Amino acid sequence: MLLRVVINNFMSFGEETEFNMFPNPRYSKKAHHLHHAPAYELDFLRLGAIYGANAAGKSNFIKALSILQQTILSEKVPANLSNIKFRLGESHQVQPVTIGIEFIAGDTAFLYAIQLDDNLVIAEELYQSGLGKEDDQLLFERKSTRATTKIEFFSDFYKSTENEVFANVIEKNLSKPFKPILKLLAELDNDALHTISAAYDWLKSDLRIITPGTKPQNLAHIIDQNPEFHQFMRHIIQSFQLGVQDIKVEKKAAVEFFGRDDSEIFHRIYQSMDEEDADVISMTIPSGDSVSVAREDGSLVVKQLKFMHHSDLDSYSFSTVEESDGTRRLLELAPAFLSILTQKVVYLIDEIESSLHPLLIKESLKIISDKIDCMGQLIFTTHESQLLDQNIFRKDEIWFIEKDINGNSSIYSLSDFKPHHTKDIRKGYLNGRYGAVPTLGKLKDLSWLDYDTTTQ
């Protein structure tokens with residue numbers, strides 16, 4: 001579960017800013033929104049809604065966590081590092097990008113942070129967090145220049161002579177200054193590093209990020225393999241009244257789907273499966289549709305979603321790319337909402353209202369809010385003021401992002417304002433009471449008709 005995010009010198013976040021999922025002790029409403037970590041006697045929140053004007057930095061917040069995850073998993077520093085630094089001040093170009101995250105994986109709390117500069121990982125650290133109740137315990141810390149990398153492990157690691165030698169091999173031979181080492185350490189066959197593996201596995205599998213451009217991965221394969229999930233998706237599609245009566249999976253042998261003579265595409269498929277160590281991959285075909293390619297009984301099978309529309313006379317099949325933006329968006333969000341209800345996962349969703357009616361999103365969030373034993377977390381950005389409802393959120397679950405006159409984004413909680421539980425938060429937000437709204441004065445003064453933009 002996600003507890004805290006710290007960002008510094010990343011895009012519009014020029015100065016250090018913190019977002020966290022810790023409850024405000026003043027609030028007792030919606031106590032069932034509190035997840036409990038018994039090992040630390042600590043509560044943390046189920047939901048986080050982040051509001052702000054256009055270009056305030058909401059998407060940059062999500063991008064920071066996406067960059068962190070991608071850097072760890074790909075073991076590559078972003079190629080455009082200078083462009084993701086805060087650019088409204090020369091001093092920031094000589095400072096590193098810093099992104100840190102505190103989270104609980106299983107029963108253990110971790111604090112991971114990385115500093116990137118000059119296309120290098122200049123610092124990287126992982127601690128077993130004490131969450132303020134006891135001291136943080138070092139798991140590893142590395143510092144790098146172009147010429148050297150220094151790594152320090154927890155003290156007990158060096159009690160074994162074999163591990164002393166191993167640490168030297170990691171530092172001198174395996175680590176590279178332009179690569180993070182979290183994945184490397186997690187995948188090494190060493191019992192002393194199993195705690196590091198738990199942190200890596202959470203960042204890889206349990207932290208899930210959806211943006212407006214995200215495409216659902218292997219949804220056709222999942223629906224094909226899981227009849228109960230198939231029924232859930234059919235029910236969701238029908239309930240949202242999108243004009244789709246049914247959802248099906250069309251399966252074909254890969255040689256029939258692609259043609260026997262297209263050896264290049266089969267080479268790419270097998271290469272991707274080897275690289276991902278997977279028996280199923282998602283790929284985009286020339287039509288723009290996303291399909292699953294699975295290895296079943298020694299052969300490749302292509303699985304493609306089809307949406308059934310009925311008229312008075314017949315039934316018609318549509319591919320995903322032929323469906324509306326709203327239907328495609330629902331394909332991304334519905335599985336996420338189900339996972340949040342039933343699994344200990346964390347979803348970060350940028351522009352949650354994108355392509356869907358606000359009442360549909362509001363009703364979906366209400367289901368997550370009302371469920372007593374919801375297991376996961378949902379953190380999202382939005383412009384949609386209809387969602388600002390204290391019947392859905394606690395006050396400490398609502399956050400705002402705003403830019404100052406220097407273009408620097410900061411993030412702050414509604415609980416900083418101490419509004420009464422009966423107050424109409426939506427009205428107060430639209431009236432500018434909490435900031436994080438666009439300034440409309442200059443727009444109102446714009447004389448639209450003074451500009452003749454016609455061309456001959």
Side-chain angles (χ1 to χ4, degrees), residues 1-7 16-50 65 68-69 72 98-114 124-141 152-157 182 185-186 191-208 339-348 368-369 371-379 393-399 411 413 415-416:
M1 298 289 101
L2 190 146
L3 302 178
R4 189 195 322 260
V5 177
V6 177
I7 306 169
E16 183 176 300
T17 192
E18 177 185 312
F19 167 86
N20 68 69
M21 295 292 284
F22 298 124
N24 190 313
R26 296 198 308 268
Y27 304 141
S28 58
K29 190 179 179 182
K30 294 191 178 298
H32 67 282
H33 279 210
L34 301 180
H35 288 305
H36 186 65
Y40 298 90
E41 286 300 313
L42 179 81
D43 292 328
F44 52 95
L45 295 165
R46 172 187 300 185
L47 291 168
I50 303 175
L65 289 165
L68 177 75
Q69 187 180 57
I72 292 167
T98 302
I99 307 171
I101 183 170
E102 192 171 29
F103 58 95
I104 294 178
D107 294 324
T108 305
F110 294 96
L111 176 60
Y112 176 81
I114 194 167
E124 182 182 10
E125 60 186 24
L126 179 68
Y127 283 82
Q128 186 170 324
S129 176
L131 295 177
K133 296 179 180 295
E134 49 189 68
D135 292 339
D136 300 335
Q137 301 296 316
L138 175 71
L139 292 172
F140 79 84
E141 181 181 62
E152 179 184 355
F153 291 96
F154 54 98
S155 58
D156 285 354
F157 185 78
L182 179 59
L185 298 178
D191 290 341
L193 300 178
H194 73 277
T195 305
I196 294 175
S197 297
Y200 171 76
D201 290 342
W202 186 91
L203 289 162
K204 176 185 177 183
S205 302
D206 293 342
L207 178 65
R208 304 176 185 180
S339 296
I340 291 163
L341 291 171
T342 59
Q343 302 174 38
K344 292 183 178 180
V345 294
V346 179
Y347 272 91
L348 291 105
I368 295 174
S369 174
K371 186 170 171 58
I372 297 298
D373 56 349
C374 174
M375 297 183 69
Q377 283 179 307
L378 170 61
I379 299 161
F393 299 101
R394 292 166 51 107
K395 290 189 284 290
D396 46 8
E397 292 177 322
I398 297 173
W399 291 73
I411 186 165
S413 173
S415 59
D416 294 345

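Model, not experiment: these values are computed from the prediction.
- Scanning both residues, Glu102 and Leu131, for their nearest heavy atoms gives OE2-CD2, 3.2 Å.
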Residues Ile104, Phe44; criterion side-chain contact (heavy atoms from CB on, under 4.5 Å); working and verdict: CA-CA 10 Å; Ile104 294 178; Phe44 52 95; 4.0 Å; yes

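- The distance from the OG atom of Ser339 to the OH atom of Tyr347 is 4.0 Å, given to the nearest 0.5 Å.
- Using a 4.0 Å cut-off between a side-chain N of Lys or Arg and a carboxylate O of Asp or Glu, Lys133 and Glu41 do not qualify as a salt bridge.
- Using a 4.5 Å cut-off on side-chain heavy atoms (C-beta onward), Gln377 and Met21 make contact.
- Between the side chain of Ser197 and the backbone N or O of Ala186, at least one donor-acceptor pair lies under 3.5 Å.
- Looking only at side-chain heavy atoms (C-beta outward), Cys374 and Ile340 come within less than 4.5 Å of each other.
- Side-chain contact between Leu378 and Ile368 is present, with heavy atoms from C-beta onward closer than 4.5 Å.
- A distance of 13.5 Å separates CZ of Arg46 from CD1 of Ile379, quoted to the nearest 0.5 Å.
- Annotation: cation-pi geometry satisfied between Lys395 and Tyr27 (NZ/CZ under 6.0 angstrom from ring centroid, within 45° of ring axis).
- Separation of atoms CG (Asn20) and CG (Leu2) is listed at 9.5 Å; rounding is to 0.5 Å.
- Between Phe140 and Glu124, the closest side-chain pair of non-hydrogen atoms falls below 4.5 Å.
- Here the side chains of Tyr127 and Glu125 are in contact, with some heavy-atom distance below 4.5 Å.
- Nearest heavy-atom pair across Leu341 and Lys371 is CD2-CD, 3.4 Å.
- Residue Asp107 places its CG atom among 12 or fewer non-hydrogen atoms of other residues, nucleotides or ligands, all under 6.0 Å distant.
- Closest approach of Phe154 to Leu193, counting heavy atoms only: CE2-CD2, 4.4 Å.
- With values rounded to the nearest 0.5 angstrom, Thr108 atom OG1 is found 4.5 Å from Phe110 atom CZ.
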In sequence, state the C-alpha distance, the side-chain angles, and the governing distance for Ile114 and Leu68, and then conclude on side-chain contact (heavy atoms from CB on, under 4.5 Å). CA-CA 8 Å; Ile114 194 167; Leu68 177 75; 3.6 Å; yes

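- Nearest heavy-atom pair across Ala105 and Ala198 is CB-O, 3.9 Å.
- The two residues Ser129 and Tyr40 have their closest heavy-atom pair at O-CE2, 3.5 Å.
- Between Tyr200 and Leu126, every side-chain heavy-atom pair lies at or beyond the 4.5 Å cut-off.
- Open room surrounds NE2 on His194; 12 or fewer heavy atoms of other groups in view lie less than 6.0 Å from it.
- Residues Gln137 and Leu139 fail the side-chain proximity criterion, which asks for heavy atoms closer than 4.5 Å.
- With contacts defined as side-chain heavy-atom distances shorter than 4.5 Å, the pair Phe103/Leu207 does not qualify.
- Nearest approach of Pro23 to Leu34, heavy atoms of both residues: CB-CD2, 3.6 Å.
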Between Leu45 and His35, does a side-chain contact (heavy atoms from CB on, under 4.5 Å) hold up when you go through it step by step? CA-CA 6 Å; Leu45 295 165; His35 288 305; over 6 Å; no

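- Taken from CD1 in Ile372 to NE2 in His33, the straight-line distance is 8.0 Å, to the nearest 0.5 Å.
- Note: Ile101 CD1 to Gln69 CD = 8.5 Å, rounded to the nearest 0.5 Å.
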Run the side-chain contact (heavy atoms from CB on, under 4.5 Å) check on Leu42 and Phe22 step by step: do they pass? CA-CA 9 Å; Leu42 179 81; Phe22 298 124; 3.9 Å; yes

